[in-house]
Amino acid sequence: MNYLMRRLATFPLVLLGVSIVVFLAIRMVPGDSITAMLGTEAGLLTPPQRDALAAYFGIDQPWFIQYWRWLLGLFQGNLGISSTYGRPVLGVILERFPLTLELALLSMIIALVVGMPAGIFAATHNEKLSDLGVRVVAMIGQSTPNFVLALLIIYTLSAGFGVLPAMGEFSPLWRDPLRNIGQLLLPAVTLGFAFAASVTRISRSAMLDVLSDDYVRTARSKGVSARGVIWRHALPNALIPVVTLSGIEFGYLLGGAVIVEQIYALPGLGRMVLDAILQRDYALVQGSVLFIAFNFMIVNLLVDLAYVALDPRIRLSEH
Amino acid sequence: MVRHIGKKLLSGMTLAAMLAIAAAPVQASAATLHMAWSQDATGLDPHKQTAFSSLRLLELIYEPLVRLDANLQITPAIADSWQFSADGKELSFRLNPKAKFQNGAAVTSADVKASFERILDEKTGAAARANFLSIASIDTPDPATVVFHLSQPDVPILTAMSDVNAAIVPASEITAGSIGTTTVGSGPFKLEKWDPNSKEVLVANKDWAGGATGVDGIEISVLPDETAILAAMRTKQIDFALLNDPLVATLVPKEASLQLNRVPVLAYHVLQLNPSRKPMTELKVRQAISCAIDRQEVLDTASLGEGKVTGPLTIPALATDPNQLFCYKRDIDKAKQLMAEAGYADGFSATVIGATGEPPTAAAEAQVIQSQLAEIGVKLDIKMMELNVYVDAWLKGDFDMAVALNGGRADPYTMYNRYWTKTGNLQKVANYIDDTLDSLMQKGRTETDPAARKAIFADFEKHITEMSPWIWLYTSYSYTAQQKNIAGFEPVPTGSLFSLAKVTIQ
């Protein structure tokens, strides 16, 4: 409990740091909301026109005043107004987040459901032909860029079979579950493929490690069945590196999968942040990066807590 | 156990895949046109937006006083008829009595006056204001008549008024300050929903003065990857799409069910030199660069030959045959000689900037130019930038050379006064002052006789290519792809999609 409180106490500090870095970074890049809206036509503006637009976009003050205003708003639970959407930033983020969360969850499920059994299978068939087969597929999975896979899937489906998931507008799970799964399955497979490959490789090596431990040999000599040894004795200990890996990957996915969202035209968090940067929608960039950082910290915390559950020897709060 | 899981997993995935496929063909109700583009509109204020997609969306919702047809001739929109006074200082319009805003109110002269006053107000931040500075006052003798009093004869102003940036909006909405948040136009479609970077839903405006539309509505999806747009068209998810990338566009005719529409546009690809930086300050160096560039090769390599070599004037009615312009046939010997005469026989080094993906051919153009100029000893360093970073550097004139895709206009004065007159807003970008160009521009502005005007701009074109502040390369096509059962779309050089109002689904 003590540990949890201490971890939570560091959150605001980290978020403050993140917000300052993002705030400065996006403002140090040349170009602003005005050039993003008008492009080269911005050169036709007279100085008073430019001032009027700067005031409209809220970029007419020095950066530290802008930051201070933004920070004050933050304490009142107000992340600002997005200049692209003309709506509160938090609302826009929360609208995009379910898709990203669902995509991340689906990818993780695919990765774990495929990767773990494959890893365990390879470990228990160590150095046999089937082990080699699994390792080769895993290597291919890890080394194929996801945009290549996405384009291949789209091309094969549309040119070969004349089908494609509905693109453009996203149907939330609660409104149209069938269409929703139809839209997300292929992107999740695309993301899950590389993810599953990593899970396979890490669970294979962790399993191999554990299987050579003394306690496993003891269990075997006591006459525990091969299946019992693997699932009851070896697996829980082999899970720790898998949990670490999955936690980190999942955290990344919660930040949005920009390329996959772009190709499958899914309006998720990743594409939203990219568009926000390109359109210099400062409030939206700041708000969403903060949101992503927060999610990442939460996932990290959950991973640490999962260690305790998996291995009773680990005590987080004592030192 | 493992095998058991494997089997369940397999059947689960098969089921899911079947679901995916079952969910796939989202067939339109017959009268809704499903459209896609890769870049979404960036806002809804017709007076402020200049992004290509924003203009394409807004011209389906709002109307200007007049409009351009496929031959760039002025045709009626909100105005039925118009007339310049004999001295060219008064321009009057009669409004179409049937023109109505989507809130039911008639479009009156008061709305026209309020709209132009909004554009001219510096607080609005309308970039198109620069085209209307000759308006001294606006009279509204009756609800259907508007008279613009001009401070000097201004022939191009009528063409500028055909742009959706000069759209007529309701005076009541201006007073309410709601332009840009609500869309009340008088055009063929009403905007029902806009989810930025995702989707637009347009429904037919039954009261449109132009008559009934061919479809009940248009749904526009934003599919950022153009390969995915093509895939979606193959599966008939999308009926009509806007394409930017010539690489994707050339794949369309290979699909039996699809049709590619292409039309040469007014925008031009250009290598901008910065004549305020050494050694581009030297006329002979600039001319040498012009002679060393093989424009056709740039077009063939960077854009698969999809386009046409062009001089500065891209308006078909006014353009000169490029073969008659200075050094449009590559001449390396002449280029080397000019370099030597300028004192740069050994060449020099310079940096060329370009925007990543804007246009998609930018990097390839820079590379071809790099290799061509290497032959006369010019060592080019290519610097590709994110669009906004590029625009920032471009507006400051902070470059040695720049590859650019600059927008065209239906009138040469509106298109070029910004760069080549002494008071042009983008004179800083062109960095080149020339009395001849300035006076030709002023003459072209006030000349009302079409033949005399054509001669003036031919002189302009000849002179500017000889002075070579910029090296004009080629114009490309605007591409739209459609299913073959879509009829009635008419592509136009401005890129306008206005003819979607009359498109039908067979």
Side-chain angles (χ1 to χ4, degrees), chain A residues 29-32 34-46 48-50 52-53 56 84-86 113-114 117 120-121 124 151 154-155 157-159 161-170 176 178-183 185-186 227 231 262-265 267 271-272 275 278-280, chain B residues 1-2 5-6 9 16-17 19-26 36 40 42-43 48-51 122-130 180-181 195-199 221-225 227-228 230-232 234-237 386-389 391-395 404 406-407 418 425-426 428-429:
Chain A
V29 185
D32 56 26
I34 301 173
T35 53
M37 178 173 85
L38 297 174
T40 53
E41 300 280 306
L44 302 185
L45 298 175
T46 59
Q49 281 185 298
R50 196 159 232 293
L53 284 177
Y56 171 79
T84 322
Y85 294 77
V113 168
V114 176
I120 294 167
F121 174 82
T124 53
L151 288 175
I154 285 193
Y155 180 78
L157 278 183
S158 70
F161 302 94
V163 290
L164 210 61
M167 300 214 274
E169 199 180 25
F170 173 67
D176 188 347
L178 205 68
R179 195 174 144 100
N180 171 280
I181 295 291
Q183 283 187 308
L185 188 74
L186 294 176
R227 199 171 279 179
W231 291 98
Q262 193 87 352
I263 295 178
Y264 288 101
R271 239 181 89 197
M272 186 194 76
D275 289 329
L278 294 179
Q279 292 169 9
R280 300 290 191 272
Chain B
M1 178 75 181
V2 173
I5 290 180
L9 176 71
L19 286 181
I21 287 162
V26 188
D40 199 16
T42 53
K48 282 186 192 168
Q49 290 299 314
T50 57
E122 288 191 299
K123 287 195 200 81
T124 309
R129 174 180 181 270
T181 46
D195 185 5
N197 298 315
S198 177
K199 183 155 217 160
S221 298
V222 185
L223 309 185
D225 187 284
T227 325
L230 185 58
R234 268 191 212 113
T235 61
K236 307 221 180 310
Q237 235 183 71
E386 186 249 353
L387 180 62
N388 260 307
V389 179
V391 168
D392 195 66
W394 189 91
L395 286 173
N406 292 342
R418 53 180 71 181
N425 314 57
L426 297 179
K428 212 164 53 183
V429 177

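To find a chain, count down the sequence lines: A is the first, B the second, and so on, and within it residues start at 1. Just so you know, these numbers come straight off a predicted model, no measurement behind them. Keep in mind that the numbers below use all heavy atoms, side chains included, and drop hydrogens, waters and symmetry copies.
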Going by distance alone, is a donor N or O of one side chain under 3.5 Å from an acceptor N or O of the other, for A/Q279 and B/T42?
no
Below 4.5 Å from any heavy atom of chain A, which atoms of B/L387 appear? Answer side chain, backbone, both or neither.
neither
Could you walk me through whether A/L45 and A/I34 pass side chain to side chain contact (heavy atoms under 4.5 Å, CB included), step by step?
CA-CA 10 Å; A/L45 298 175; A/I34 301 173; 3.8 Å; yes
Heavy-atom donor-acceptor pair, B/Q237 side chain to A/P165 backbone, under 3.5 Å
yes
Taking B/T235 for the side chain and A/V163 for the main chain, is one N or O donor matched with an acceptor at less than 3.5 Å?
no
Checking B/T124 against chain A: side chain, backbone, both or neither under 4.5 Å from a heavy atom?
backbone
Determine the minimum heavy-atom distance between A/L44 and B/N425, stating which atoms define it.
O-ND2, 3.1 Å
Honestly, the part of A/P48 sitting under 4.5 Å from a heavy atom of chain B is both
Closest non-hydrogen atoms of B/N406 and B/W394, given as atom of the first, atom of the second and distance, are OD1-CZ2, 3.9 Å
Applying a strict 4.5 Å limit to non-hydrogen atoms, the region of A/L53 in contact with chain B is side chain
Give the member of B/S221, B/A130, B/S198 that has the highest number of heavy-atom pairs under 4.5 Å with chain A.
B/S198
Under 3.5 Å, is there a donor-acceptor pair between the side chain of B/D225 and the main chain of A/I263?
no
Ignoring hydrogens and angles, state whether a donor on the side chain of A/T35 or B/N388 is under 3.5 Å from an acceptor on the partner side chain.
yes
Examine whether an atom of A/D176 lies under 4.5 Å from a heavy atom of chain B, and if so say whether it belongs to the side chain, the backbone or both; otherwise answer neither.
neither
Among B/D392, B/N197, B/V389, B/L426, residue most engaged with chain A (heavy-atom pairs, under 4.5 Å)
B/N197
Out of B/A36, B/A126, B/G407, return the one with the most heavy atom pairs under 4.5 angstrom to chain A.
B/A126
For A/R271, is it the side chain, the backbone, both, or neither that has a heavy atom closer than 4.5 Å to a heavy atom of chain B?
side chain
Sort out for me which of B/Q49, B/R129, B/R234 touches chain A most, counting heavy-atom pairs under 4.5 Å.
B/R234
Nearest heavy-atom pair of A/A265 and B/L223: which atoms, and what distance?
CB-CD2, 3.2 Å
Are the charged groups of A/R50 and B/E122 less than 4.0 angstrom apart, N to O?
no
Of all of B/A228, B/G43, B/A231, which one pairs up most often with chain A through heavy atoms under 4.5 Å apart?
B/A231
Please classify the contact of A/Y56 with chain B as side chain, backbone, both or neither, using a heavy-atom distance under 4.5 Å.
side chain
A/L278 versus chain B, the contacting section by heavy-atom distance below 4.5 Å
both
If we define contacts as heavy-atom pairs under 4.5 Å, which of B/K123, B/K428, B/K48 has the most with chain A?
B/K48
For chain B, find which of A/S158, A/A42, A/A159, A/G162 contributes the most heavy-atom pairs closer than 4.5 angstrom.
A/S158
